[in-house]
Structures are given as structure tokens and as C-alpha cells.
There are 2 protein chains.
Amino acid sequence: MPKLGMEPIRKAALVKATIVEIGRSGSLDVTVSQIAKRAGMSSALAHHYYGSKEAIFLAAMRHVLSLYGAEVRGALAVVQGPEARLRAILCASFSPANFRREVVGAWLNFYVLAQTVPEARRLLSVYQRRLRSNLLVCLRPLAGARAEAVAEGLGALIDGVYLRQALREGAPDGAAAMQTVLAQLDAQLQGKS
Amino acid sequence: MPKLGMEPIRKAALVKATIVEIGRSGSLDVTVSQIAKRAGMSSALAHHYYGSKEAIFLAAMRHVLSLYGAEVRGALAVVQGPEARLRAILCASFSPANFRREVVGAWLNFYVLAQTVPEARRLLSVYQRRLRSNLLVCLRPLAGARAEAVAEGLGALIDGVYLRQALREGAPDGAAAMQTVLAQLDAQLQGKS
DNA sequence: AAGTTTATTGACTCGTCAATCAACAAAAAA
DNA sequence: TTTTTTGTTGATTGACGAGTCAATAAACTT
């Protein structure tokens, strides 16, 4: 009983299922059938809407990235002052929505995907540049000439905390993760202003 | 013309080839045939010596990990004092041997492997605990009660720098990487002793 | 010399999976 | 009502790849 206007619904379901499956299995070795099954349709339909497995992966990646971007924008919209904005960015990075187990697992595998698929690499570069730029705006008034170096370090630290989270057994703890990052940030800012 | 005593030679060649292939392709989707070919033998021989692809991967992982461990031990042997030892650990982490493109690429994929293969996860946990322990010994006299938190942050930062290196286009720059980490370390130590 | 162990490979099996296709169903347009 | 567009799937194709096996050969043992 085909209803019309299914395309966006199906596509969204596939993207969601892809993230879950990659997160669950912890690798990109996920079959289109698995994804389609979790999304409640046949694998043929997945191909019908996306054309290829790679396209599905890229759509999932864009989704995670745009979710993250939206979260950051939202957090930045309600605060002002460099320090508060800095905290808002970090807060968004470790918010429950982004720091869910499956999402973190997906992130790790998107890094792997970026090694092979140019478009995935591009997407990840965009994310990194935007993060860097956001940090820099806040850091320049706070850290002056050292801003670039601090931003570089903070970015790497965030990625590293994600990486370690992917390996952790228990439930994710965004609060603890943010504490780690905040401690480093405070130390950097105290040294010199 | 079979010569005897080939086993260790073949195994070593396979391990080396595995790291190169994973690093080159940037993923674990490497066939046993590819690895065997690069190591100069048939895929059947690779199976003969290791029994399975997974066993080859694990052997490669152990090799990278033990190389890293040896480098750290070597660096620690020739210096004393907490600060110098700390620097020695970081120096080893970004030494040319460990920070080669292929090796960094392999690291990233070993993290992925650890999501699926329990033994891989165990190996990675051992590495993380040892690093943490090494850092802690040096940090306790320098950072007191904050040592734990600083060690956690430093560990994550190192992993993060590796992760970003894996995505970088150009040649690896261990010196710059170490500079990033050292800056964070100095800031942490300056704050409070 | 006969037998055993080690080294080595080409050919084969067997399963898996991305992608395609033919076919069917329902809504919309003509 | 016919036709076209949209949604949907089971079955199939074609490729690829891990792991096995039989066969060959050189080296050691007795």
C-alpha cells in the first residue's frame, strides 16, 4: 500500500539506521541489508533511494555533522562573551545527543571512511575548519598570540576524548569528558592572557 | 628451493606488509592476498603461518605496540627527573619511527579493530594503561593531586594528535605535533605545582 | 635409501554482498 | 479509463575473498 511522499521519510530512516548499525558493530563492515532491515525496508529500496552504499554513508555523515553544527550554533546563540562562548562550544561537543555511544562509534568510523573516500575527507575537513574558526574567535581575546596553538590543542583534545570514549566499555559520560577538556582550557588561559 | 627456518622471516615480513597495506589503504579492508603479495609470498603461505587474517592483524598490532613500548623504555632509560622523563615519553610518541604515515594510519584502524575483536581491545587497553601509568609516575611530583586529571588529558591529547595526523594530507611533522602537546603540558604544570 | 618434517603454491570451495532487474501495486495525471 | 509516476520487493547476477587441499620439492633424520 504505497503512500506518496515516502522519499524523505525513507531516506531519514536509512540515515538513522546507518548510524545505529555502524555504532553497534563498531565498523564500516555493515551490509546494506542490515541497514535496510533496521530501517524497515528491503535492501533494494535502499539502493533505489541512494544509489550506492557509499552515498548512504555520506548522507549519514552529513547528518551527524549537521546535528553537531546545529547544536553548536544553538548553544552559541544564547550566550555572549568569549569565555562563555568557549564553554558553550565544548558543552555542545559533549552534549548527550552527540556523545551517545552509537554516534561516537560512527564518528570514529567516519574518520576511517575519510581515508578512502574524498568526499568524506572533505566533510571532515569542513567540520575541523569550522571548529577551529569558532574556537579562534573566542580565544583571540583570551589568549592573544597563543590563540592558534591553543585552538589546535583543544581541537585535538576533543577528538582524542571522543576516540577514547569509543573504546570505553561502560556508558558514556559527557560530563566527565567535558571536565577533562575544561581543565586543559583553564590551564591554558591562566598561563598568559 | 625451500630453505629451513623461514617461519620467523615470513612472519616478520607479513607483519611489516600488513602495517604498510593498512596504512596505504587507510582501512582494514585489505585482502590477505594483498598483504602476502607485498610480503613476497602466496596467500596460502600467509594462512599456513598465521591461520587467519585476524591473527595477522593482531600480530601486526602487537608489533606496533611493542615498537612503541621499546621506544618509550629506551627514551626513559637515559634521563632522570620527572620533567625530563615526561618529555622523553612524549618525544618517543612522536618519534619518526612511530609517527610515520603508515604507522599512524595503522593505529587508527587498530582502534576500529578493537571495537570488534576482544583481543585487539585488550592490547589497546594495555597500551593505554601503561601510558597512563608512565605519565602518572612523572606527574605526581609535578602536579600533585591533579596528576590523574592531567594524565587523562595528556593521553587523550596524544591520541587526538594522532587522529588528526591520520587525516592530514602532507608529510607527518612529529616536531610540530610534539610542540602542541608540550604547550598543553607546560600550561598544566604552570598553573599549580 | 627410505621416511619425515618444513616450505611453498595453484586451484578450488563456499559464502557473502553490492548492485540490478522484472514485476507488482497504488496514487496521480491525462 | 488509460497512462504515467512513485513505491516496493524477491530473485538474480557477478565479483570478490577467506580459508582449504592436494601436490611438489628441498632439506633433515635414521
Side-chain angles (χ1 to χ4, degrees), chain A residues 1-22 24-61 109-110 112-113 115-120, chain B residues 1-22 24-61 109-110 112-113 115-120:
Chain A
M1 46 297 219
K3 289 162 189 171
L4 289 224
M6 292 303 284
E7 177 155 355
I9 296 170
R10 294 300 200 187
K11 280 193 163 185
L14 282 169
V15 160
K16 203 171 166 186
T18 302
I19 294 165
V20 171
E21 281 298 308
I22 291 180
R24 276 177 66 88
S25 80
S27 92
L28 296 172
D29 280 336
V30 174
T31 70
V32 175
S33 296
Q34 278 169 33
I35 295 171
K37 187 172 188 181
R38 180 167 296 271
M41 71 194 80
S42 74
S43 71
L45 195 53
H47 275 104
H48 173 66
Y49 282 125
Y50 275 111
S52 76
K53 185 177 176 176
E54 190 177 302
I56 299 178
F57 280 171
L58 288 175
M61 209 171 148
N109 282 283
F110 290 156
V112 171
L113 192 65
Q115 305 279 305
T116 322
V117 181
E119 174 69 4
Chain B
M1 44 299 211
K3 288 164 190 171
L4 289 222
M6 293 303 285
E7 178 156 354
I9 297 170
R10 294 301 200 186
K11 281 193 162 184
L14 283 168
V15 160
K16 203 171 165 185
T18 302
I19 295 165
V20 171
E21 281 299 308
I22 291 180
R24 276 176 67 88
S25 81
S27 92
L28 296 172
D29 280 335
V30 175
T31 69
V32 175
S33 296
Q34 278 169 32
I35 296 171
K37 187 172 188 179
R38 179 167 299 270
M41 71 193 82
S42 73
S43 71
L45 196 53
H47 275 106
H48 173 64
Y49 282 126
Y50 275 110
S52 77
K53 185 178 175 175
E54 190 177 300
I56 300 178
F57 280 171
L58 288 174
M61 209 170 147
N109 283 282
F110 289 156
V112 172
L113 192 64
Q115 306 278 307
T116 322
V117 181
E119 174 68 4

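In what follows, every chain begins at residue 1, and chains take the letters A, B, ... in the order their sequences are listed.
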Distance check needed: dT6(D) C1' versus M6(A) CE, whole Å only. 11 Å
d(CZ, F57(A); C1', dA18(C)) in whole Å: 11 Å
Kindly give the heavy-atom pair with the smallest separation between S27(A) and T116(B), and that separation in Å. CB-OG1, 4.4 Å
In whole angstroms, how far is the P atom of dT8(D) from the NZ atom of K11(A)? 14 Å
With the sugar-phosphate defined as primed atoms, P, OP1 and OP2, and the base as all remaining atoms, what B/S/- string results for nucleotides 15-24 of chain D, 5' to 3', for protein heavy atoms under 4.0 Å? --SSBBB---
Is there a side-chain contact between R10(B) and the phosphate of dT6(C), meaning an N or O under 4.0 Å from OP1 or OP2? no
Nucleotide dT6(C), atom P - distance to CG of L4(B) in whole Å: 9 Å
What is the separation between atom CG on L14(A) and atom P on dG7(D), rounded to the nearest whole Å? 13 Å
Calculate the interatomic distance between E7(A) atom CD and dA26(C) atom P; express it in whole Å. 21 Å
Is it the case that over 12 heavy atoms from other parts of the model lie below 6.0 angstrom from the NZ atom of K37(A)? no
Should Y49(B) be listed as having a side-chain N or O under 4.0 Å from OP1 or OP2 of dT6(C)? no
All pairs passing salt bridge (charged side-chain N to carboxylate O under 4.0 Å, His left out) where residues 12-22 of chain B contributes a residue, at least two apart: E21(B)-R38(B)
Pairwise distance CG(N109(A)) to CG(D29(A)) - rounded to 0.5 angstrom: 9.0 Å
Nearest to side-chain heavy atoms of M41(B), which nucleotide of dA7(C), dT8(D), dT9(C): dT9(C)
Derivation and outcome, side chain to side chain contact (heavy atoms under 4.5 Å, CB included), residues L58(B) and Y50(B): CA-CA 10 Å; L58(B) 288 174; Y50(B) 275 110; over 6 Å; no
Which distance, rounded to the nearest 0.5 Å, do you find between the OH of Y49(B) and the CD1 of I9(B)? 9.0 Å
